[in-house]
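Encoded as structure tokens, the structure appears first; notes follow it.
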Amino acid sequence: MTKDQLSKEDLNSEESVDGKSSQDKPLDEKTTEDFAKYFQTTYQPPNINKARKRFREDIEVHYDFEIPEDMRNVGRDKKFLIQTYGCQMNEHDTEVMAGIFQEMGYEVTVEKEEADVILLNTCAIRENAENKVFGEIGHLKALKRENPDLIIGVCGCMSQQETVVNRIMQKHQHVDLIFGTHNIHRLPVLIKEAMFSKAQVVEVWSKEGDIYENLPKARAGKIKAWVNIMYGCDKFCTFCIVPMTRGKQRSRRPEDIIQEVRHLAAQGYKEVTLLGQNVNAYGKDFEDIDYKFGDLLNDLHKIDIPRIRFTSPHPRDFDDHCIEVMSKGGNLLNHIHMPVQSGNSEILRRMNRKYTREEYLELVRKIKEAIPNVTLTTDIIVGFPNETEEQFQDTLSLVEEVGFEAAYTFIYSPREGTPDAAREDNVPLEEKRERLARLNELINKQSAEAMKSYEGKTVKVLVEGESKRDPDILSGYTEKNKVVNFKGPKSIVGEIVDVKITESRTWSLNGELVSSEVGVK
Ligand code: SAM
Ligand code: SF4
């Protein structure tokens with residue numbers, strides 16, 4: 001273990017300045033000096049060379065998480081609020097942290113003014129995500145002034161970056177606690193330290209990451225659930241900060257995942273989304289068993305839960321076995337979100353994506369052949385450094401050729417610590433914006449056409465609740481993840497029902513209820 005991977009035991013093992021081990025003292029008697037070493041807990045800046053050398057360390061799976069006895073009731077009559085930024089992985093981490101807070105006796109709140117702890121669970125993927133968080137940190141200062149006992153914490157991917165941590169430490173002294181993505185299981189201890197210390201508590205392990213199996217989870221709903229199947233990423237796309245902020249790839253043991261999905265099915269959940277930064281590289285890190293993503297899908301296919309999705313697969317890891325298993329259908333839905341990033345082979349090479357345009361198209365051909373009526377959606381980056389108009393045109397033509405029905409589209413955002421960040425770039429921002437607008441126009445057109453094809457058809461909709469705009473209207477998702485709005489009784493929330501589509505919009509469908517499992521009067 002290196003200095004920047006201090007464990008609780010390490011933190012408590014040194015003598016304090018008064019000669020008494022700080023471990024011997026109750027927390028409320030500790031002085032700032034006793035805590036000083038906690039604040040030296042360091043972190044490493046993202047470093048691609050170092051990150052690439054990490055493959056030899058063993059991954060430990062821990063099944064022994066428990067809230068320390070003295071923290072079990074610390075949240076009684078107190079409230080917590082977690083603001084989540086970024087991807088589904090972060091949303092799920094928030095569910096885990098919420099579970100830990102609840103086991104410490106805290107109650108959830110959505111009102112900042114009544115919160116005793118506010119955590120910002122942050123995203124580092126693009127600069128604008130970071131700017132939003134810094135804006136929010138600034139806003140929280142007034143709240144801290146009014147309520148000095150309020151604990152403000154910053155966690156998630158931004159905390160894994162040295163520049164971010166430095167900036168918070170220097171300019172935002174009202175933040176009490178900063179911890180990283182590998183430190184979530186330490187939340188009770190960190191809250192305790194933040195409660196009693198007079199200085200900022202910083203704990204960001206740059207370690208490659210273990211797996212903590214039995215962390216509590218306060219899931220956000222009772223219909224759909226996230227299930228992490230792997231953590232981290234070893235792909236090292238040259239634009240992406242994730243391999244640095246989330247550590248090396250490590251897959252959960254199949255039996256733990258299968259048990260979690262079975263448990264969710266038994267609790268009445270209707271849909272699970274398998275999560276991973278590179279979800280279909282699942283199992284490639286196992287040394288003792290030959291069990292890959294296709295094997296996992298095959299086992300989950302047998303579980304009595306109506307819908308299984310996953311996000312996001314990498315084209316390079318989409319093997320024939322996985323396609324064959326998906327072609328069995330059933331709860332394995334015929335919608336695949338498969339990020340392409342660019343339609344030009346030279347840009348893909350510079351991105352280190354490890355496939356060409358032709359290979360991506362061949363994969364799409366195989367998928368379409370094996371899974372009839374499949375819907376494909378994707379992620380695309382425009383304005384990658386020095387992308388030419390012709391290279392961008394290749395992206396447009398690939399979007400048309402594949403027929404993506406939706407896409408998350410982004411302007412390239414340089415991320416410190418990634419190989420591309422230092423690259424010269426001759427594409428002006430205006431040009432990038434204009435390319436993004438053209439791309440979005442094409443995607444919108446394709447989405448609208450796909451939606452139009454549903455008119456008059458009957459689709460299966462998992463009803464999630466009232467529509468945000470109109471409480472008299474119910475809203476849900478089709479197997480292909482299209483939003484459908486329709487009138488129906490509230491009693492069918494959580495059920496899968498048949499809805500006949502009467503009208504299509506670019507991003508949603510309107511329809512009429514045909515039938516439901518629970519019956520409609
Ligand atoms: N693992 C997935 C894959 O292989 O494509 C993607 C996960 S990443 C968290 C989500 C998306 O963010 C990526 O697909 C990419 O389009 C976008 N993204 C990542 N880094 C970016 C950057 N530096 N600038 C703009 N978009 C970025
Ligand atoms: Fe980032 Fe995805 Fe590439 Fe991993 S595979 S480096 S998460 S874009």
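In each ligand, atom 1 is the first atom listed, and ligand 1 is the first ligand listed.
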Tell me the protein heavy atom at minimum distance from [atom], and give that distance in Å.
| atom | result |
| --- | --- |
| atom 2 (Fe) of ligand 2 | Q277 O, 4.0 Å |
| atom 4 (Fe) of ligand 2 | C233 SG, 2.3 Å |
| atom 23 (N) of ligand 1 | S413 O, 2.8 Å |

*Compute the ring centroids of Y212 and H185, then answer whether they are less than 6.0 Å apart.*
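Yes.
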_Are F293 and H321 an aromatic pair, judged by ring center distance below 6.0 Å?_
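Centroid distance H321-F293: not below 6.0 Å, so no.
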Using a 4.0 Å cut-off to any heavy atom of [X], which atoms of ligand 2 qualify?
| X | result |
| --- | --- |
| K235 | 4 (Fe), 5 (S) |
| F236 | 6 (S) |
| F239 | 8 (S) |
| C237 | 3 (Fe), 5 (S), 6 (S), 8 (S) |
| R353 | 3 (Fe), 8 (S) |
| P243 | 6 (S) |
| H314 | 5 (S) |
| V242 | 7 (S) |

Given that the side chain starts at C-beta and the backbone is N, CA, C, O, which of these parts of [X] lies under 4.0 Å from ligand 1, counting heavy atoms, or is it both or neither?
| X | result |
| --- | --- |
| K235 | neither |
| I411 | backbone |
| M89 | neither |
| I381 | side chain |
| F239 | both |

Which of the numbered atoms in ligand 1 are under 4.0 angstrom from any heavy atom belonging to [X]?
| X | value |
| --- | --- |
| Q277 | 1 (N), 2 (C), 9 (C) |
| R415 | 23 (N) |
| D379 | 10 (C), 11 (C), 13 (C), 14 (O), 16 (O) |
| R353 | 3 (C), 4 (O), 5 (O) |
| R126 | 12 (O), 17 (C), 18 (N), 24 (N), 25 (C), 26 (N), 27 (C) |
| Q341 | 3 (C), 5 (O), 13 (C), 14 (O), 15 (C), 16 (O) |
| I125 | 8 (S), 9 (C), 12 (O), 18 (N), 19 (C), 20 (N), 21 (C), 22 (C), 23 (N) |
| H314 | 4 (O) |

*Mind telling me whether H172 and F134 have parallel, tilted or perpendicular rings, with 30° and 60° as the class edges?*
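F134 and H172: tilted rings.
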*When you measure from the side chain of D234 to the backbone N and O of P243, does any donor-acceptor pair fall under 3.5 Å?*
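Judged by distance alone, no pair lies under 3.5 Å.
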Would you call [X] and [Y] a salt bridge, using N to O less than 4.0 angstrom?
| X | Y | answer |
| --- | --- | --- |
| E405 | K480 | no |
| R253 | D288 | yes |
| E130 | R415 | yes |
| R365 | E369 | yes |

_Does either side chain, that of K328 or that of N298, offer a donor lying less than 3.5 Å from an acceptor on the other one?_
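Yes, side-chain donor-acceptor contact under 3.5 Å.
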*asked:* If only side-chain N and O atoms count, and only distance matters, is there a donor-acceptor pair under 3.5 Å linking Y85 with Q83?
replied: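 Checked: Q83/Y85 side chains pair up, N/O donor to acceptor below 3.5 Å.
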*asked:* Cation-pi check for Y231 against R246: NZ or CZ below 6.0 Å from the six-membered ring centre and within 45 degrees of the axis, yes or no?
replied: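 Ring-cation test returns no.
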Less than 4.5 Å apart, side chain to side chain, heavy atoms only: is that true for [X] and [Y]?
| X | Y | result |
| --- | --- | --- |
| V402 | L361 | yes |
| E464 | S475 | no |
| E362 | K366 | yes |

*Is the closest N or O pair between Y412 and ligand 1 shorter than 3.5 Å?*
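There is no such contact.
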*Which of these passes salt bridge (Lys or Arg N to Asp or Glu O under 4.0 Å) with K284: D317, D295, D290?*
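The residue from D317, D295, D290 that satisfies salt bridge (Lys or Arg N to Asp or Glu O under 4.0 Å) with K284 turns out to be D317.
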*asked:* Nearest non-hydrogen contact with atom 1 (Fe) of ligand 2 belongs to which option: S312, P339, C240?
replied: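 Answer by nearest heavy atom: C240.
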